[in-house]
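Working notes for the structure below.
Letters A, B, ... are given to chains in the order of the sequence lines, protein chains preceding strands, and every chain is numbered from 1.
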Amino acid sequence: MTTVDTTHELDHHDEGSYLTPKYGAMGTVWDWMTTVDHKKIGVMYLFAVLFMFFLGGVAALAVRLELLEPVRIAADGSITGQLFGGDGEAIATGNQVYNRLFTLHGAIMVFMFIVPSVPASLGNFFLPLMLGAKDVAFPRLNLFSWYIYVSGSIFGIASIVLGGVDTGWTFYTPYSTTTDADHWRVLLMVLAAFVLGFSSILTGLNFIVTTHKLRAPGMGWFDMPLFIWAIYATSIIQVLATPVIGITLLLLIFERLFKVGIFDPGLGGDPVLYQHFFWFYSHPVVYVMILPGMGIISELLSVHCRKQIFGYRAIAFSSLGIAAVSFIVWGHHMFTAMGELASTIFSALTFLVAIPTAIKVFNWIATLYKGSIAINTPMLYALSFLFLFSIGGLTGLPLGALATDLHLHDSYFVVAHFHYVMMGGTVIAFIGGIHHWWPKMFGRMYNEKAGMLGCVLVFIGFNLTFMTQFFLGTQGMPRRYASYVDEFQFLHSLSTYGSWFLLAGFLTHLFNFIHSLVAGPKAPPNPWGGLTVEWETESPPIEHNFHHEVLVKHGPYDFDTVVPPHCDERDFPLPPQDQVRAH
Amino acid sequence: MATIDANKPDLPAAGAKSHPLYWKNRGFAHHFRNADEQFDACKLGMWLFLTTEVLLFAGIFCAYAIFRMLYPEAWTAGSHHLDWRFGGLNTIVLLISSWTVASGVRSAQLGNNAALIRNLLITLVCAALFVFIKLYFEYIPKLSMGKAPGTFFSYPYAHDPHEPLWWSVYYIGTGIHALHVFIGAGLLTWVLVRAIKYEAYGPTEYTMVETSALYWHLVDLVWIFLFPLLYLIH
Ligand code: HEM
Ligand SMILES: [Cu+2]
């Protein structure tokens, strides 16, 4: 039994892979720059966001390096530390450089890397494939949003080249309206975030319409892979939340250019209003970051332990639940700036988020139960995700509780919390997903041993870097400081050493990918025995995705009853049918 | 290179009726199963986009509400400087344009190209009239009297210290709305040009007319909220 039915013969038989160049060198470049093929756009996004990850990562390593040997005034008034020089004025410049470094790290990582990361790259490539469609609903719009993304990133990088911004990625007023008043680099960075928002909106809009209109015949809403559900929920947030940051940043730009006073207390404006606006977007957007990662994990776990996902509908609806709740909890970022009643309400609502999140985690764990767990890179990453994301999510609860947050707010505990969810969650899932779909995207296998080595290095490095920060935070280390008292030296050093392990892990993956592209063995159409529709076509897919119009006849996770397409039954044996439970 | 448009017939380029963009000659994009599906998709896309626009303006309305609550006197005093007759006139102008653009869609559905062109022209004239009234009778006289936003405010007879903030909200709200008037008019102009040049719209091919008209209705709708909130609160 296979996923496709050959009822509708389409004339795509002689078609080559989407990667096959059909023109000369310049022609191929032009072909890519003007392509409306979602696969090529997805690949272009993939390289673009990974490049941004690299830039942001360099800044992060620099931040950690500074914290290894910070400029510091010892008790006797002398100054220790080397990185930014060791005398008088060095502290001031050192602090300035530090502020710019963490701002550009945060701004790049949030606006240019993690928000577009999974949806724009893997989502673009696989959403239509998994739906059995030939493309997204609006292919030209898709290309357009790539160009908007690139222009936004260029604005951001230009601002950095012109000297950088030191407002933090949150652009809090009045600081962001007054700092560097004679220069336009802050404007440029804010403009970059504004423009990137458009790209995000258009991508989300495109995906929503695609999911509604372009599902293959036979694919109802509950036959969709959970990755699609996650991307769908993400897109809803993108479409509903991003316009608010649009107007917020626009007001910020007006504030800087024309001094309109909306956020300026001198004129009766309100800086806390900025924070409300900002977090009304930026809290939902943390779920733009994590939901696609959760979607990837549902695919990886189920395919690589060959088991029907546990609680399909619960996982699907919890994505929507998270999307809904995410809009009413923004106040938890400003507990210290609100009245008691409002804080209490926001605190209670914040706890609600944990419910759908926990539902997902328990379902994933239940999926593993009695599965035949393959030990490979995607699975290792999925397991890492379960471990790290759980820590990240659980540490959100003390931050959401008023009494504890008073102490933990703006400390390294917060830094550790959001890195456990954003990096331990999203980035880990993203890399796992890249490995899982690498053979499909590029038609080559990667080296499994190197991949697993990279994963182990990343896992160790990540915990070394960020676990320490929970302890630093509870002991009182504030965030966004270039310096600290001697007592924190040991944990800070550990954290910096951890960042080097992370670097080693990512470099291992990078070389593995390059090696795979150059000399990797050819990938079969369905190396993992997956049942979702993208494994139906060739690796890499042909230009129009499928040879035949897709007709879906079974669910995406029916591993108990369906032999995967293009696979030998001996490689992926079905369980004895008398043991198969009804689902 | 992957092309989007499938079954686009090859036709000689002479004369509107044999042009590939002539409505009877239009195909649909290759990734849709049929033209209806494409139409539905485009319409859903436009509705989603309009949602984002509403949310964008929601930010401005939110700022308006908060500051009106904080400084009610400044809001009353500020509103006194606005002449409801100009606002009302502009409301009528936009309502008429919404009606004509809706009739334009109807004309396209009925295949009456001449009526489509006529309706679009009236709509565009209304758009121009709106901008003219806004600029000539409102922005320019007010700005020259110093009723400007934020720190640019220099009107000597202000009643309330927070009036500059009122003007900030006024100019930002109406300014961003005016920007949308321009965008909408741009879309409709494009539709008009294609209607004139290729007779591009007819009973089976009016997606672009319909979606542009939807956008124009949004422009109208936002004004319907801005008008009473700004002009009629004293
Ligand atoms: C169980 C779910 C979660 C809860 C209850 C939660 C709660 C919180 C709270 C209360 C804060 C504010 C702490 C403070 O500033 O005092 C916070 C900060 C943060 N959270 Fe979460 N969170 C959760 C999940 C996530 C996820 C999934 C992400 C991203 C993928 C995320 C990203 C962030 C970020 C980036 C910040 C810091 C923002 C900043 O000030 O720069 N959180 N979280
Ligand atoms: Cu939050």
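Contacts of T51(B) with chain A are made by side-chain atoms alone, with heavy-atom separations under 4.5 Å and no backbone atom involved. Only the side chain of I66(B) comes within less than 4.5 Å of a heavy atom in chain A; its backbone stays farther off. Looking at I201(A), the atoms closer than 4.5 Å to chain B (heavy atoms on both sides) all sit in the side chain, from C-beta outward. Only the side chain of Y71(B) has a heavy atom closer than 4.5 Å to any heavy atom of chain A. At a 4.5 Å heavy-atom cutoff, the contact between L240(A) and chain B is made by backbone and side-chain atoms alike. The part of L251(A) that comes within reach of chain B is its side chain, from C-beta onward, which places non-hydrogen atoms under 4.5 angstrom from that chain. Heavy-atom distances place the side chain of L250(A), and not its backbone, under 4.5 Å from chain B.
Side-chain contact between V533(A) and M130(A) is absent, with no heavy atoms from C-beta onward closer than 4.5 Å. Between C62(B) and F277(A) the shortest side-chain heavy-atom distance falls below 4.5 Å.
Side chains of W330(A) and H276(A): a donor on one and an acceptor on the other come within 3.5 Å. Side-chain atoms of Y232(A) and H212(A) form a donor-acceptor pair, as typed in the model, at a separation below 3.5 Å. Side chains of H159(B) and E73(B): no donor on one and acceptor on the other come within 3.5 Å.
Of the listed residues (G45(B), P161(B), P149(B), A58(B)), the greatest number of heavy-atom pairs within a distance under 4.5 Å of chain A belongs to G45(B). Most heavy-atom pairs under 4.5 Å with chain A: of the set L165(B), I60(B), I176(B), V54(B), this distinction falls to L165(B). Here G269(A) is the residue among G269(A), G27(A), A133(A) with the most heavy-atom pairs under 4.5 Å with chain B. Ranked by heavy-atom pairs shorter than 4.5 Å toward chain B, the options L267(A), T242(A), D270(A) are led by L267(A).
Ring geometry for F153(B) versus Y155(B): interplanar angle over 60°, hence perpendicular rather than tilted (30 to 60°). Using a 30° and 60° split on the angle between ring planes, W167(B) and Y171(B) fall in the tilted class, from 30° to 60°.
Nearest heavy-atom pair, I183(B) versus Y215(B), reported as atom, atom and distance to 0.1 Å: CG2-OH, 3.7 Å.
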